[in-house]
Each structure stands twice: as structure tokens, then as C-alpha cells.
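Worksheet: one structure, shown below.
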Amino acid sequence: MKHYILKTALILFLIASKLLSATEVIEFKHQDGDMTLKVREAIEKSKDKDIKLIFEKGVYSFRSDYALGKFLYITNHGNGFKKIVFNFSGFNSVEIDGQGSEFMFHGTIAPFVFEDCQKIKVTNLTVDWDIPFVFQADVLAINKEEGYMDVKPYTEGFSWNLSKGRIIFPGIDNFEYNSLGSTLPHNKETKAIDYGAWDMHLNPEYVEKLPKGNLRIHQKHMKHLPRVGTVLNSKGDREKDRYAPAFLARRSKHIDFDNVIIHHALGMGFLFERCEDINIVNSGVYIREGSDRMISSTADATHFANCKGNVLIENCRIEGMYDDGTNVHGTYVEVIKVINEKTVQVALKHFEQMGFQFADKGDAVWFIQQPNPQRGSEGIVESVYVINERFREITFSENVPPNLKAGDILENKTWNPVFTMRGNVIRDHRARNIIIKTPKRIVIEDNDLSSMMSSIMLRGETFFWFESGNVEDVIIRNNRFEHCAYGGPEHAVLKVSPRLGKTFDQTMQYDRNIVFENNTIKTFDNRIVWADRVDGLIINNNTIKQTDNEKQQFPDAPLFDLEHCLNVEIMNNTYDGNCENSLKADTVSRKTLKIKKNKGFKNLKP
């Protein structure tokens, strides 16, 4: 019997060893020229479901000519026919080791797409484009009365031309934007969005050529004008300015990125849809050192849509992108009609959600019934019939609520992650450092944060973006906030602000159980915490110092602003500044408000 057990163990060991060694290893020696076809062929000819690509250290070029053409629905991007270089579908495991290499892309490319993979690992790699998909110019003069601005465009390393009074860019791979579109001014020295800047949409009546290569951009009724001396940066019209992320993973799990740097992307840096267990460590999205560019990725640096398991972003540098540092959310769909006692027809609502997989068989789904925005009863999905990119019919294993009606919304309960963000630097970019919506545990700690808008925003939305949902367990601790909310619109260091449609009760509590503690805050303006419809908010042991590096934009705003909140505690905080109005709280918020042992505040009373 003992001999039989040993023999069986040996056989199992040999089988396991064979399985472990079955990974196909493909090594690429450095060479000049377009590598697209070589990489494509290597992946497509692979006979194994476990593959590892190793690149000898060097700079590799990739163009779109021989890239794989494939129609992709990509959440928060433009859907359509995309050109893909690294296309991985249905692999057990995929590993890419760049060994310190740089991948330089040219033109309209979705570089990396992973679909239905069981394990993904990418290490020691830098991603960039030889020519960014932006228009960039120094602001020389402004004439508000006559409605024009004079600019000096950047030419070295950029692609644009003037044709029939229009700025055409980038003009690569027969791709061009319809207008200058989304535009912001930047501080030339720091590259951050300029102080007091507002988002602009530029669609000039015409552009004229001036001496010395300068241009005069004519657009009347510009409400928010850039300052002379700033650097104007445009990323194109909203219909086309998100071609694809640098890394797209969907329906995959056990994903690790380590020492992966993105200097530019034609959309988001990292995007994950319905993925499970994701680590991004020692990596970054930021502008190359020494470059005169102002933009890294043209949208979010990192984005997680309906993911689950554990998500970790740690020891990363995130700068220069034209949207959030990270956005974590689920997706609301709207009930169009109740077909029978178990089946409803729903619709994806935002134009960049078309084709998104909201749910699958076995998923648990919450029914959220207007006017109550809180999660209600739940059902288990039995089947999903896809009518088209917008509409779905979802059948549940049990009857749906008898009073479910058109206009109610559904939220996927199964696909929500535990999220941790630790030891990162996020700064010098458009929008928020962090915007997050997941009911599971959120930990944001030991980060260095500086923001154009609110540094941290907790916001579920039942309209427009339709990004679910309300948070229930949040810890924000030991972070260093410096120079926050410096854009034009009014924001706060921490803003909790659900955006719900008119059919929902605007006074009911939505988010809950948020702890904001042991943080150091150095910023010029007043608003620190601005909370709306929260049940359970602890603001504890924070050190707040008002700086004089910028003029206050909203000197009458309070430090703490509470609307329709319950069970808020403000205690053991220290303030050094001149704000006369420490607290604004409505009647509902004051009923359960506790304030104690704070120092340096004026008029901070319950």
C-alpha cells in the first residue's frame, strides 16, 4: 500500500511538473522597425493556453498597418473598429516581461487587449506614443471683446495642420478630431492645470495664420479664458477623444501589473471590465521626464467597471492625465418595462456604456425603486437576452418585486470590489484624484494627493453616467493633501455628493460609514469636507493648515458643510487658518451631530 501511494504521488508530481512547464516562452530579440506583425503571429500561432513573452531590453516600434482589426465595445470609450497589437483571448495565463523595454506606438492603436484570461502578469515595461493625440500651444494674447486668442503651437513632436481655417490634428492613420474640443490651460513650469481653470470646449469659427508661426483662434462668447503665459492643451471632440485604453482587460482574473509605466494613451491608462483580483504596483501613468508635453493619458489613469475580488493600487505615480486618477464603480441600468413576473427589459443609458455586460447568469442584482435611492430587495439572474448594444431582457430565478416599474434601476451586487489605494502620488491632472463607488471595504491611505477638483469624491449617479453606487465602508487615513480643489468650480478635499435623478428622493441618506482621520491637509481654500446625504461620518484627528500660495476662490465657504446627514462626528481636529465659518449644517444634520476636542476653529459648534 505504501509503495502504491508513493508511486501515485510520483505520477501526480510528474503531471504537475509537466503542466507547470507547459507555458510557451517566446523571446524577442531587439530589432528596429515595426514589430506589430511579429508579435501578432507569435501570439496567434501559439499552441498552448499558457504563454510568456520576453523582450530583450530595447525600444520597440509598433504601427497600426499590420495590427489586428476588431470591433470592440469599450466602456467609457468610443465603441468601434480598433487596431490591436497584443490580442489575448481565452488564455489560461499570459505573462509579458519587458525587461525594461519601451514600447513606442504610432497612430490609432489599442495596444493590449486581454479577454477571458485566467491569469495576467505584465512587468518591466514602458508604453508611449511617438506623436501624442493632442494639440498644444502657448497662450500669447487674449482679446475677450473681439473673441479671439493668439497662440504659438508646439511643432516638434506634435502633429497638426491648418486647413481652410480649421486646426486639423493629429491627422495620423486618417484620424482627425472634428474640433479642438476639450481644452484646458496648464502652468508652464509645473505642468499642472492652471489655478482657477475651467474646462473649455473649443470649436473655433475660424483660425487664421499669423507671422512667426503663430495662430489666432476666433471663438466668440468664451466664458472662461486662459491666462496669457499658460500652455493650452486640446484633446479633441468628445465623440472621438477616447479611442482606446493602453491596457484593456475584461472577464479576466488574477491580474498583476508591476513596474509598468504609461507616458501616453489614446484614452485611459488601465481599464478593467468585469475582472477579478487586480494589483497595480510600482507603476505609473505620467509624462516622460524632460518632455514638453502636458498630457499623459487622455482620460482616467486607472478605471474599474464592475470588478470584484481585491483591487490594489500601491506605490504608483499618477500624473498628467485628463481625467481621474482612479474611478471605481458599478453600473446602473434602467428598467424600461416589466415583461412578466420574472423578466424585465432594461437599458444601458450612457452613450459610452453601449454593449457593456451588466449581468450574467448567477449574478445577484439589487432592485432600486424610486423614489427610494437605497438598495432594496435582490434577485438572482437566471438568463440574459441581449437585444442589441443598448437593451437587455433579464430573467430572474424568482419573481421581481410586484411594484417594480419603468424608471426604477438595477445594480449588480456580485461585481463589486474591495478596494485599497496605498502609498501613491496623484497630482497635476484634470478632475479628481480618486472617485469611487463600491459598497465593499475601501481603504485610501498614505497617499500624496493634489487635485484640480475634489481630491476624493464619493458619488453614485442614477442619471447621466449611471455609475453605481453608494459606499458603506470607507477609511481615508494618513494621507497628505496639498493644494487641492484649485480649479475654477467649487469643490472640497473630500466631497460626498450623490447625483440622483428627479424621480428619486433628494433628502434620503445614500452613503454611509465613512471615516476621515489622521490626514494632513495643506490647502489655500476653505472647503475640507462637503457631505450630502451621509449616514455615519467620522472626521477625526486631522491637521488642517491654510496656505497662502494661492488666493482663496471661495472665502465665504465653510470648512465642513453638511446637508441631510446623520450621525456625523467632528473631533480631535486641529486648524491653523483664518476661516470665520467653520461649519455649515442644516437642521437634519445638526440633530445627531457631535463636535468635541477640536482646536483652532472659529464658530465650530453643534
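For the numbers below, each heavy atom of this structure counts, side chains included, while hydrogens, waters and symmetry mates do not. Nothing here was measured: the structure is a model prediction, and the numbers come from that model.
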Between Tyr73 and Phe356, is a ring pair (Phe, Tyr, Trp, His ring centres under 6.0 Å) present by the stated rule, with each step listed?
CA-CA 7 Å; Tyr73 292 111; Phe356 184 73; over 10 Å; no
Under the ring pair (Phe, Tyr, Trp, His ring centres under 6.0 Å) rule, what do Tyr195 and Phe524 come out as? Steps first, then yes or no, please.
CA-CA 11 Å; Tyr195 166 79; Phe524 64 97; 5.5 Å; yes
Report the C-alpha separation of Phe81 and Phe71 in whole Å, then their side-chain angles, then the decisive distance to 0.1 Å, and conclude whether the ring pair (Phe, Tyr, Trp, His ring centres under 6.0 Å) test is met.
CA-CA 4 Å; Phe81 198 72; Phe71 187 95; 7.9 Å; no
List the steps, then state whether ring pair (Phe, Tyr, Trp, His ring centres under 6.0 Å) holds for His186 with Tyr322.
CA-CA 12 Å; His186 295 248; Tyr322 249 37; 5.6 Å; yes
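A distance-only check finds no donor-acceptor pair linking the side chain of Asp194 to the backbone of Ala197 [under 3.5 Å]. With Ser179 contributing its side chain and Gly236 its backbone, the two residues share no donor-acceptor pair below 3.5 Å. Put simply, the side chain of Glu445 never gets that close to the backbone of Arg477: no donor and acceptor are under 3.5 Å apart. Using a distance-only test at 3.5 Å, with no hydrogens or angles considered, a donor-acceptor pair links the side chain of Gln136 to the main chain of Asp292. Of the possible donor and acceptor atoms, none in the side chain of Asn306 sits under 3.5 Å from a partner among the backbone N and O of Asn412. Under the 3.5 Å distance criterion, the side-chain polar atoms of Ser283 are matched with a main-chain donor or acceptor of Asn259. A donor-acceptor contact shorter than 3.5 Å links the side chain of Ser451 to the backbone of Ala485. At distances below 3.5 Å, at least one donor-acceptor pair connects side-chain atoms of Ser252 with backbone N or O atoms of Arg250. With hydrogens and angles disregarded, a donor-acceptor distance shorter than 3.5 Å links the side chain of His77 to the backbone of Met268. The main-chain N or O of Pro417 is found under 3.5 Å from a side-chain atom of Thr438 such that the two form a donor-acceptor pair.
Remark: Tyr177 pairs with no residue by the side-chain hydrogen bond (donor to acceptor under 3.5 Å, both in side chains) rule, at least two apart or across chains. Residues passing the side-chain contact (heavy atoms from CB on, under 4.5 Å) test with Asp277 are His254, Asn310, sequence neighbours excluded. Residues that satisfy the side-chain hydrogen bond (donor to acceptor under 3.5 Å, both in side chains) test with Arg288, not counting sequence neighbours, are Glu102, Asp128. Residues satisfying the side-chain hydrogen bond (donor to acceptor under 3.5 Å, both in side chains) criterion with Asp199, sequence neighbours excluded, are Arg430. For Arg238, the side-chain hydrogen bond (donor to acceptor under 3.5 Å, both in side chains) partners are Asp241, Glu352, not counting sequence neighbours.
Taking the six-membered ring for Trp, Phe55 and Phe103 have ring centres closer than 6.0 Å. A ring-centre distance under 6.0 Å is not found for Phe169 and Phe133.
Taking a cutoff of 4.0 Å between a charged side-chain nitrogen and a carboxylate oxygen, Asp173 and Arg63 do not qualify as a salt bridge. Ionic pairing of Lys70 and Glu115 is present here: one or more N-O contacts between side-chain nitrogen and carboxylate oxygen are shorter than 4.0 angstrom. Taking the charged nitrogens against the carboxylate oxygens, Asp116 and Arg251 do have a contact shorter than 4.0 Å, which makes a salt bridge. Residues Arg216 and Asp150 are paired through a salt bridge, judged by an N-O separation under 4.0 Å between the basic side chain and the carboxylate. Residues Asp256 and Lys121 are not paired through a salt bridge, judged by the lack of any N-O separation under 4.0 Å between the basic side chain and the carboxylate.
No side-chain heavy atom of Ile456 sits under 4.5 Å from any side-chain heavy atom of Val493. At a threshold of 4.5 Å between non-hydrogen side-chain atoms, the residues Cys275 and Ile255 count as touching. Under the 4.5 Å side-chain criterion, counting only non-hydrogen atoms from C-beta, Tyr286 is in contact with His263.
Ring geometry, Phe86 versus Phe112: the interplanar angle falls under 30°, so the pair is classed parallel (tilted spans 30 to 60°). Taking the six-membered ring where the residue is Trp, Phe272 and Phe270 present parallel rings, their angle staying beneath 30° rather than reaching 60°.
Both tests hold for Lys240 against Phe175: distance to the six-membered ring centre under 6.0 Å, angle to the ring axis within 45°. Lys82 forms a cation-pi arrangement with Tyr243, by the criterion of a distance under 6.0 Å to the ring centre and an angle within 45° of the ring axis.
Sorted by first and then second residue, the salt bridge (charged side-chain N to carboxylate O under 4.0 Å, His left out) pairs involving residues 294-319 (not counting sequence neighbours) are Glu289-Arg317, Glu314-Arg422, Arg317-Glu319, Glu319-Arg427.
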